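Below is one structure, written out as structure tokens, with a few remarks after it.
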Amino acid sequence: MNKSNERDGMDQVTKAATTAPDLAVPFESCLTEERPEPCIIVIVGASGDLTSRKIVPALFNLYLNNGLPNPFLILGCARTNLSTPEFRDRMKNALKTVDILDDSKWQVFSSSLYYHSIDYEEPSSFNAMAEYLRELNKKHGTKGNRIFYLAIPPSLYKSTAQMLGKAGLSQEGEGVNDWVRIVVEKPFGRDLDSAIDLDQSLHEHFREHQIFRIDHYLAKETVQNILMFRFANAIFEPIWNRRYIDHVSITAAESLGVEHRAGYYEQAGVLRDMFQNHMMQILALTAMDPPSLFEADRVRDEKVKVYRTMRPFPTDDLQGYLVLGQYSAGSIDGKQVPAYRDEPGINPDSLTPTFAMMKVFLDNWRWQGVPFYLTSGKRLAKKITEIVIQFKEVPHSMFRAILGEHITANRLILGIYPDEKISLTFQTKNPGARVCLRSVTMDFHYHQNYTGPILDAYEKVLLDCMLGDHMLFWRQDGVELCWSFLTPILKECETCGDRSKLLLPYNSGTSGPDATKNLMK
Ligand code: NDP
């Protein structure tokens, strides 16, 4: 710790001893049935984008909704040399930027924020962090409970987890309190080998129950609702299989381009950025069997069973199962946007895919022969995330003589963004003497008739981590199975002789390369 930082930090601790942040609220108004235990959340990489845009705003919102424990502290750590007041000012600006600053509440919340600069490569720096944490813990009574949130580039996950461990910071106490958790952001590795390697490093100092592998997509209300919808209603499950379902489409389309994350995206591409995590989670929630209990490991067991059934793609016929694309210039909402290769920070000859559609088959009794079309891409016509369950046509049409052979089949849409809704399309008779059918839609909007607090995805994952609930976090076996499926595909795409053949251009503002139509035949 540098001197000014040290002095400043200690001043804050001393001050806080007399003016301890009072985050106390009546228990009934808490967002959860049980209030999380007192703790300190240590954000490693606190000078970065994720901290400003997501983590601290989520914690502030939790505070506004009375969802934080009491006492509760945030310790920001990074290389950047900041004092605690400077860190607080930064975070205040961050809340202003995302438009949630409430000046009357900021005062108390800000007194729970501290900063401590670290050098990621210097063990003594982590020893100093440990000392500072002990001091904060003693002054504020956070009971030794701590969460380390790794909001740093993935290349630093391994070494940082090891540094924390070597400084004794991964050790839990004997009692119920004094727990230690580590939150790892996506991506969990670049391929199967690196994912296993990262996991082994984490396990050198942390045990599995301490590790929280975040996928904030899972914490979206409407994603969580997939399980409620499927398993709390008796009428859907009997038809949720190959006898009644023709195909399933899962789409996560974005109209934005690569934005400010060029460095990361160039290395990742759409398969690592979206498919290895979010798309696989939605696939599992849509396709899994009902767990016996709504409990973290039972649910994760069923997801893992889905991943085990994914049929590997034949690498000599990738085009039969996968379309990859990269956006060219185009127009979105009447605005001209540049090609991916012309974006700042992108290699002008880049072969990074920004779009993918894949046709996945699950080899089990429920889903044999039913294609799951997974699509995700950047700079598409509009931002939309949805799951479409396309049912089969009626087996025999008694209206054939009057209406012809085809009757539009039923369709169920689980909308995740922008419309958080469930729609069911079915046929009805048109009023009048003539026999003719029309397709109508029954809509349910997720927030209809609900006035309580709404948790954003990062708020939910942070709250669950404080509560020690692993339900919405990845388990390592799931991570490895998904990498086992994707790694041969990535290898083929990234090493085949003519990579540009696999990568099709598409104009920004469209629905992706035309070749997707062939995949759906
Ligand atoms: P940043 O690139 O903003 O980096 C976070 C901090 O890490 C920086 O402020 C910097 O702090 C430190 N850092 C950056 N590069 C290096 C380096 N080469 N060596 C040492 N320290 C470095 O990352 P984000 O905040 O965007 O993301 C953090 C993690 O979260 C990443 O793993 C990312 O994949 C993941 N993530 C991010 C999302 C987002 O929207 N931003 C969304 C989902 C996941 P300092 O120099 O002060 O030490």
Side-chain angles (χ1 to χ4, degrees), residues 1-2 5 41-59 74-84 86-87 90-91 93-94 97-98 114-122 125-126 128-129 147-164 182-190 194-195 198 201-202 211-220 252 254 256-279 281 344-345 376 378 383 456-462 465 472-474 479:
M1 192 197 302
N2 66 55
N5 195 233
I41 176 159
V42 182
I43 307 175
V44 187
S47 57
D49 175 72
L50 188 72
T51 305
S52 303
R53 281 196 314 113
K54 299 288 181 189
I55 305 174
V56 170
L59 291 169
I74 299 168
L75 176 63
C77 295
R79 290 175 307 186
T80 304
N81 200 2
L82 291 176
S83 65
T84 287
E86 282 167 340
F87 180 58
R90 269 196 185 207
M91 294 304 108
N93 285 334
T97 308
V98 294
Y114 291 86
Y115 188 81
H116 172 85
S117 53
I118 49 165
D119 178 345
Y120 301 113
E121 284 162 20
E122 191 43 66
S125 180
F126 285 80
M129 182 210 280
I147 296 173
F148 295 99
Y149 195 126
L150 303 190
I152 40 179
S155 54
L156 296 173
Y157 291 167
K158 268 174 66 174
S159 56
T160 305
Q162 301 221 333
M163 288 288 192
L164 290 170
I182 185 163
V183 179
V184 188
E185 263 291 349
K186 68 159 202 178
F188 320 115
R190 284 187 56 74
S194 55
L198 170 62
S201 295
L202 290 173
I211 303 172
F212 288 73
R213 301 173 189 86
I214 266 200
D215 190 334
H216 71 275
Y217 236 68
L218 268 178
K220 289 177 188 286
E254 287 185 60
L256 288 177
V258 67
E259 302 295 294
H260 55 286
R261 303 193 72 210
Y264 156 76
Y265 200 83
E266 261 294 80
Q267 297 304 314
V270 70
L271 293 177
R272 290 188 178 87
D273 185 48
M274 290 298 292
F275 281 73
Q276 197 280 334
N277 33 65
H278 312 322
M279 301 303 277
Q281 283 289 351
S376 180
K378 289 192 177 292
K383 181 170 167 65
D456 143 284
Y458 268 92
E459 291 164 42
K460 173 73 178 149
V461 284
L462 283 161
C465 182
L472 300 181
F473 295 84
W474 278 89
V479 172

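Everything numeric in this text was worked out from a predicted model, so none of it was measured. Just so you know, ligand 1 is whichever comes first in the structure, and atom 1 is the first atom listed for that ligand. Hydrogens, waters and symmetry mates play no part in the numbers below; they use all other heavy atoms, side chains included.
The distance from ligand 1 to the heavy atoms of P154 drops below 4.0 Å at these ligand atoms: 32 (O). Shown in contact with K186 at under 4.0 Å from a heavy atom are these atoms of ligand 1, numbered in order with element: 32 (O), 33 (C), 34 (O), 35 (C), 44 (C). Atoms of ligand 1 found under 4.0 Å from any heavy atom of T80, numbered from 1 in the order shown, are 45 (P), 46 (O), 47 (O). For ligand 1, the atoms closer than 4.0 angstrom to any heavy atom of Y157 are 31 (C), 32 (O). Less than 4.0 angstrom separates some heavy atom of D49 from each of these atoms of ligand 1: 3 (O), 25 (O), 26 (O), 39 (C), 40 (O), 41 (N).
Residue-level proximity to ligand 1 for R261 is carried by the side chain, the only part with a heavy atom below 4.0 angstrom. Contact annotation: for R79 versus ligand 1, heavy atoms closer than 4.0 Å belong to both the backbone and the side chain. Residue contacts with ligand 1, taken as heavy atom pairs separated by less than 4.0 Å, involve R53 solely via side-chain atoms from C-beta onward.
Atom CZ of R90 and atom OG of S47 lie 6.0 Å apart (nearest 0.5 Å). To the nearest 0.5 Å, atoms CZ (R79) and SG (C77) are separated by 13.5 Å. Remark: T160 OG1 to K158 NZ distance equals 11.5 Å, nearest 0.5 Å.
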Practice problem: Please step through side-chain contact (heavy atoms from CB on, under 4.5 Å) for the pair S159 and Y120, ending with a clear verdict. | Solution: CA-CA 8 Å; S159 56; Y120 301 113; 5.6 Å; no
Self-check item: side-chain contact (heavy atoms from CB on, under 4.5 Å) evaluation trace for I74 with I55
Solution: CA-CA 10 Å; I74 299 168; I55 305 174; over 6 Å; no
Quiz item: Given the rule in the side chain to side chain donor-acceptor pair (under 3.5 Å) test, do E185 and Y149 qualify, once you have shown the distances and angles that lead to the verdict?
Solution: CA-CA 8 Å; E185 263 291 349; Y149 195 126; 2.7 Å; yes
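P153 CD, 3.4 Å is the protein heavy atom nearest to atom 7 (O) of ligand 1. The nearest heavy-atom contact from the protein to atom 12 (C) of ligand 1 is Y120 OH, 3.9 Å. Atom 5 (C) of ligand 1 has its closest protein heavy atom at A151 O, 3.3 Å. Here the protein heavy atom with the shortest distance to atom 44 (C) of ligand 1 is E185 OE1, 3.1 Å. With respect to atom 45 (P) of ligand 1, the closest heavy atom belonging to the protein is S47 OG, 3.4 Å.
The residues D273 and K186 are annotated as salt-bridged, a charged nitrogen and a carboxylate oxygen being separated by less than 4.0 angstrom.
In terms of polar-atom proximity, defined here as any N/O pair under 3.5 Å, G48 does make such a contact with ligand 1. Checked by distance only, ligand 1 and I152 come closer than 3.5 Å through their nitrogen or oxygen atoms.
Ligand 1 has P187 within reach: a non-hydrogen atom of the residue lies less than 4.0 Å from it.
For atom 21 (N) of ligand 1, the nearest protein heavy atom lies closer than 4.0 Å. For atom 15 (N) of ligand 1, the nearest protein heavy atom lies under 4.0 Å away.
Using a 30° and 60° split on the angle between ring planes, F473 and F212 fall in the perpendicular class, above 60°. Classified by interplanar angle (parallel below 30°, tilted 30° to 60°, perpendicular above 60°), the ring pair H216/H278 is perpendicular.
Closest heavy-atom approach to atom 24 (P) of ligand 1 within the set T160, L150, D215, L50: this belongs to L50.
In this structure, D119 has no salt bridge (Lys or Arg N to Asp or Glu O under 4.0 Å) partners at least two apart in sequence or on a different chain.
In the displayed structure, E121 atom CD is contacted under 6.0 Å by at most 12 heavy atoms of other residues, nucleotides or ligands.
Using a 4.5 Å heavy-atom threshold, the side chains of E266 and V258 count as separate.
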